[in-house]
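I have placed the structure first, in the form of structure tokens, so that the comments after it can refer back to it.
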Number of protein chains: 2
Amino acid sequence: MEAVPRKTTIREVARAASVGIGTISRVLNSSSQVSRETRARVLEAIRRLGFRPNAQARRILKRRAEMVCFLLSNRDFLHPFHARILQGVESYASGLKQHVLFAALHYSPRTPPDGIDLPPVLQEHGLIDGLILAGTIYPNLLRRIESIHMPFVAFSNNVVGIGDEEQFDQVGFDDFNGTLHATRHVIGKGHRHIVFAADVSYPWLRRRFEGYRQAMRENKLKHVLITSRNPQSFVDFGQKSAGRILSRQPRATAAVAGNDEIAYGLWRSLRRQGVKVPDDISLVGFDDREEAVLMDPPLSTVRVDKEEIGETCMKMLLERLHHPRMTFSQRILPTEFVIRGTVRQV
Amino acid sequence: MEAVPRKTTIREVARAASVGIGTISRVLNSSSQVSRETRARVLEAIRRLGFRPNAQARRILKRRAEMVCFLLSNRDFLHPFHARILQGVESYASGLKQHVLFAALHYSPRTPPDGIDLPPVLQEHGLIDGLILAGTIYPNLLRRIESIHMPFVAFSNNVVGIGDEEQFDQVGFDDFNGTLHATRHVIGKGHRHIVFAADVSYPWLRRRFEGYRQAMRENKLKHVLITSRNPQSFVDFGQKSAGRILSRQPRATAAVAGNDEIAYGLWRSLRRQGVKVPDDISLVGFDDREEAVLMDPPLSTVRVDKEEIGETCMKMLLERLHHPRMTFSQRILPTEFVIRGTVRQV
DNA sequence: CTCACTTATGGAAGCAGTTCCAAGGAAAAC
DNA sequence: GTTTTCCTTGGAACTGCTTCCATAAGTGAG
């Protein structure tokens with residue numbers, strides 16, 4: 001490996017400006033105790049020598065890396081949903097001169113905590129100040145992260161099997177009220193036979209189901225949960241559910257899907273069987289993924305602001321770093337029902 | 001801001017293991033000059049004290065940040081396409097204990113180079129060793145990056161208005177041969193009237209067009225370029241192009257789209273007009289984005305391995321860092337035509 | 001038994017900054 | 001005119017590591 005060329009240091013700048021090294025440091029950190037002329041002379045020397053302070057050296061002394069890690073915790077690829085969260089994190093962070101490291105984590109829900117291999121960034125010390133956890137989070141991962149005593153904030157909608165008694169900073173959005181409002185909207189359009197399609201063993205889909213059920217109960221309507229066996233994916237789950245919806249009597253006039261992928265699968269399979277959305281059956285989704293707009297007609301769905309999630313995660317993490325002893329908090333972001341073309345008046 | 005608790009240092013470990021600090025360093029860097037017993041004693045002390053070496057301190061001495069920045073250069077959100085590239089970068093990097101910083105860049109093609117605002121990470125010195133540039137790259141950005149003398153590799157398919165004489169490390173994929181093979185496939189299925197739909201003012205779409213034209217010429221077929229005015233997006237471009245394809249005489253039996261989004265727009269608009277894919281018209285795309293599989297039937301398209309792009313970028317960047325004077329190189333990755341359901345035999 | 005050559009180890013110096021304390025000088029107070 | 005105070009300023013000491021040099025101990029040859 002060839003040598004990296006020596007860079008200008010603070011001492012050379014000091015010599016060039018005929019001042020002491022302390023003065024340079026003071027100018028760099030814009031602490032006020034420097035006279036006008038001296039500051040001007042120093043800045044001129046900095047400019048002339050093309051000096052850029054070494055970030056590492058400062059970090060040692062400051063004991064702050066000014067860097068956080070966005071850790072994507074499952075084997076999924078960087079899905080658009082999480083990509084948008086990452087964007088929110090980065091955009092908020094860069095405004096505050098904070099840096100964002102991206103790392104991926106490979107683990108299975110059943111690995112014992114000690115067995116989880118952490119990415120290189122977490123094996124060093126001082127590289128990052130804190131962690132933003134995204135992706136599906138199982139208890140063993142939480143244990144593992146806690147064991148390294150690194151401040152973190154979790155995007156908690158995809159947390160699985162972790163009780164309410166668990167204490168950590170988390171940001172999520174409102175599954176329950178999301179489907180509650182979506183279902184009310186559908187009911188408001190005159191529908192009476194509305195089914196809900198999702199695998200409610202996922203906590204977040206369970207919460208969405210409860211929102212749907214609440215809306216049905218309010219209107220004294222019967223709730224119906226549609227599931228399907230051994231789906232390959234959520235889209236496949238939707239496809240397989242379509243038949244079950246059609247075979248029920250009385251025939252449902254609307255379906256609330258647990259997420260957009262299920263809605264997509266449903267839509268696709270229904271269309272193949274000659275059932276038109278929304279003419280024959282209305283449909284709503286959840287998440288507002290890119291697919292929602294690509295569908296034809298575009299899907300009415302529950303929007304969650306992914307960038308806001310990222311932003312809020314970053315904000316909370318910074319608060320945590322400034323106040324390590326602050327009690328843990330949990331922020332639930334609101335959702336918004338977006339009306340597009342898949343719900344019709346009956 | 002509360003103080004961060006003092007962490008164990010190398011000197012404490014040295015005391016605990018009754019050895020010198022040099023020995024600790026030697027163990028950490030696994031240089032061989034340490035006896036079995038001493039190494040064991042040191043490792044034991046490290047474990048007992050929960051010592052994690054401070055990354056910053058090492059970096060100062062090593063003059064290497066062991067970190068690169070993935071810089072997304074346009075105003076687009078982190079699109080799945082680039083998200084996958086980032087994944088490739090990260091996955092290759094983490095295997096080599098390198099870290100990946102994510103940063104976004106906001107600039108317009110017409111800002112003068114000096115006017116481009118670089119993200120915080122590029123304003124410090126020593127934070128990163130090099131840069132991976134993705135997104136749409138205009139000459140002014142290239143100028144700006146060169147001005148800070150930071151080694152970089154560009155994902156060059158989306159480079160606009162930069163001549164061949166330009167020298168920098170780049171990774172791209174084979175636009176020309178991609179459509180060449182795709183078009184040959186379509187011709188092989190018996191099609192004779194095949195149109196190409198794209199805005200060829202984009203260099204990469206122009207190259208794809210040339211690939212298509214080459215295949216047509218080989219078979220003594222007439223090439224037809226379909227474009228449309230003021231599209232809002234590529235999908236919109238496709239939608240607007242559909243009418244133009246249908247109104248031509250003789251009617252085309254197949255269309256090659258410049259990318260999957262155009263293909264999607266085409267498909268959607270054709271379907272609305274009662275024209276079925278592939279029964280009435282065959283269709284192929286380019287890129288193999290997520291939409292391709294979601295279409296019904298799924299789109300036959302040209303696949304590019306996004307993770308491989310990321311991996312190759314990272315690999316080239318590391319080579320560049322090890323050999324700063326090496327001549328610039330350009331790597332073109334092959335593409336693969338994936339047959340799904342949108343091309344039929346005539 | 002001595003000498004040359006390895007191999008292992010301790011720790012000072014150094015990296016590029018920040019911090020803090022002492023000191024110089026000017027202005028203000030006495 | 002002297003003392004006090006305030007504002008600047010210089011630079012030693014420090015951060016947590018790596019590197020290198022000197023030394024110690026061990027090994028084999030002569």
Side-chain angles (χ1 to χ4, degrees), chain A residues 1 3-43 45-46 49-66 123-129, chain B residues 1 3-43 45-46 49-67 97 123-129:
Chain A
M1 179 163 340
V4 177
R6 275 286 305 286
K7 285 286 180 165
T8 329
T9 78
I10 207 176
R11 280 162 230 273
E12 296 167 50
V13 178
R15 189 136 20 90
S18 328
V19 295
I21 54 164
T23 304
I24 307 295
S25 179
R26 260 158 276 174
V27 171
L28 289 177
N29 294 286
S30 48
S31 58
S32 50
Q33 304 291 63
V34 184
S35 73
R36 279 190 153 285
E37 315 89 81
T38 315
R39 155 167 279 119
R41 225 171 51 246
V42 168
L43 288 175
I46 287 179
L49 299 177
F51 168 75
R52 293 216 313 291
N54 183 310
Q56 322 291 0
R58 179 170 66 253
R59 293 201 161 83
I60 282 193
L61 283 289
K62 296 273 186 182
R63 305 210 135 109
R64 273 260 134 72
E66 294 160 359
Q123 294 175 28
E124 301 187 44
H125 169 249
L127 222 188
I128 53 168
D129 297 322
Chain B
M1 178 157 352
V4 176
R6 276 287 305 286
K7 284 285 179 164
T8 330
T9 77
I10 208 176
R11 278 162 231 275
E12 296 168 51
V13 178
R15 188 136 20 89
S18 327
V19 295
I21 53 164
T23 304
I24 306 297
S25 179
R26 259 158 272 169
V27 169
L28 289 177
N29 294 286
S30 48
S31 58
S32 50
Q33 306 289 64
V34 183
S35 73
R36 279 190 154 286
E37 315 91 80
T38 313
R39 153 167 281 118
R41 229 176 43 251
V42 170
L43 289 175
I46 287 178
L49 298 176
F51 168 76
R52 295 216 312 292
N54 182 308
Q56 322 291 358
R58 179 169 68 254
R59 293 201 161 84
I60 284 193
L61 283 288
K62 294 274 187 181
R63 280 148 196 276
R64 272 262 135 72
E66 293 160 0
M67 196 177 307
K97 304 265 181 210
Q123 295 175 28
E124 298 188 45
H125 170 248
L127 222 189
I128 53 169
D129 296 322

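Letters A, B, ... mirror the listed sequences (proteins, then strands); counts begin at 1.
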Looking only at the side chain of A/Ile10 (C-beta and beyond, no hydrogens), which of the listed nucleotides D/dG16, D/dT8, C/dT18 gets closest? C/dT18
Bend angle of the helix from C/dC1-D/dG30 to C/dC30-D/dG1, from helix axes over five pairs at each end, nearest 10°: 50°
How close or far is atom P of D/dT19 from atom CD1 of B/Ile24, stated in whole angstroms? 15 Å
Looking at D/dT15, I'd like to know if its phosphate oxygens (OP1 or OP2) sit under 4.0 Å from a side-chain N or O belonging to B/Arg11. no
Per-nucleotide protein contact along nucleotides 19-27 of chain C, 5' to 3', at a 4.0 Å heavy-atom cut-off (B base, S sugar-phosphate only, - neither), is BB-------
Rounded to the nearest angstrom, tell me the gap between atom CZ in B/Arg39 and atom C1' in C/dT9. 13 Å
From CZ of A/Arg64 over to C1' of D/dT15, roughly how many Å is that when rounded to an integer? 16 Å
Can you identify which nucleotide, out of C/dG17, D/dT18, D/dG16, has its nearest atom closest to the B/Arg58 side chain? D/dT18
Quick check: on DNA chain C, is the nucleotide nearest B/Arg36 upstream (toward 5') of the one nearest B/Ile60, or the reverse? Name the residue that is more 5'. B/Arg36
Would you please test B/Asn29 and B/Lys62 for side-chain contact (heavy atoms from CB on, under 4.5 Å) and show each step? CA-CA 12 Å; B/Asn29 294 286; B/Lys62 294 274 187 181; 3.9 Å; yes
Go through A/Glu66 and B/Leu127 one step at a time and tell me if the side-chain contact (heavy atoms from CB on, under 4.5 Å) criterion holds. CA-CA 11 Å; A/Glu66 294 160 359; B/Leu127 222 189; over 6 Å; no
So does B/Ser35 get a side-chain nitrogen or oxygen closer than 4.0 Å to the phosphate oxygens (OP1/OP2) of C/dA8? no
For the pair made of NE2 in B/His125 and C1' in C/dC15, what is the distance, rounded to whole Å? 13 Å
Would you mind reading off the distance between B/Arg52 atom CZ and D/dG16 atom P, rounded to a whole angstrom? 15 Å
Flag side-chain contact, heavy atom, 4.5 Å: B/Ile21 against B/Thr9: no
Counting side-chain heavy atoms from C-beta on, which of D/dC17, C/dA16, D/dT8 comes nearest to B/Asn54? D/dC17
Donor-acceptor pair, distance only, cut-off 3.5 Å: does the side chain of A/Arg41 make one with the backbone of A/Glu37? no
Working to the nearest 0.5 angstrom, can you tell me the gap between B/Met67 CE and B/Arg59 CZ? 5.0 Å
Protein-nucleotide distance (A/Glu66, atom CD; C/dT18, atom P), rounded to Å: 11 Å
Can you see if the side chain of A/Thr9 gets near the phosphate of C/dC15 - specifically, an N or O under 4.0 Å from OP1 or OP2? no
First locate atom CD1 of B/Ile24, then atom CD1 of B/Ile46, and finally report the distance between them rounded to the nearest 0.5 Å. 6.0 Å
Given D/dC17, D/dG10, C/dA8, the nucleotide with the shortest approach to the side chain of B/Thr38: C/dA8
So, is A/Arg59 close to the D/dG16 phosphate, meaning a side-chain N or O under 4.0 Å from OP1 or OP2? no
Can you give me the closest heavy-atom contact between B/Phe51 and B/Leu28, atom names plus distance? CE2-CD1, 3.9 Å
Which nucleotide wins on minimum distance to the side chain of A/Phe51, given the candidates C/dG17, D/dT18, C/dA16? C/dG17
So OG1 of A/Thr23 and CD1 of A/Ile10: to nearest 0.5 Å the spacing works out to 9.5 Å
Take atom CD of B/Glu124 and atom P of C/dG17, then tell me their distance rounded to the nearest Å. 11 Å
From CZ of B/Arg63 over to C1' of D/dT19, roughly how many Å is that when rounded to an integer? 12 Å
Distance-only, no hydrogens or angles: does the B/Gln56 side chain make a donor-acceptor pair with backbone N or O of A/Ala65 under 3.5 Å? no
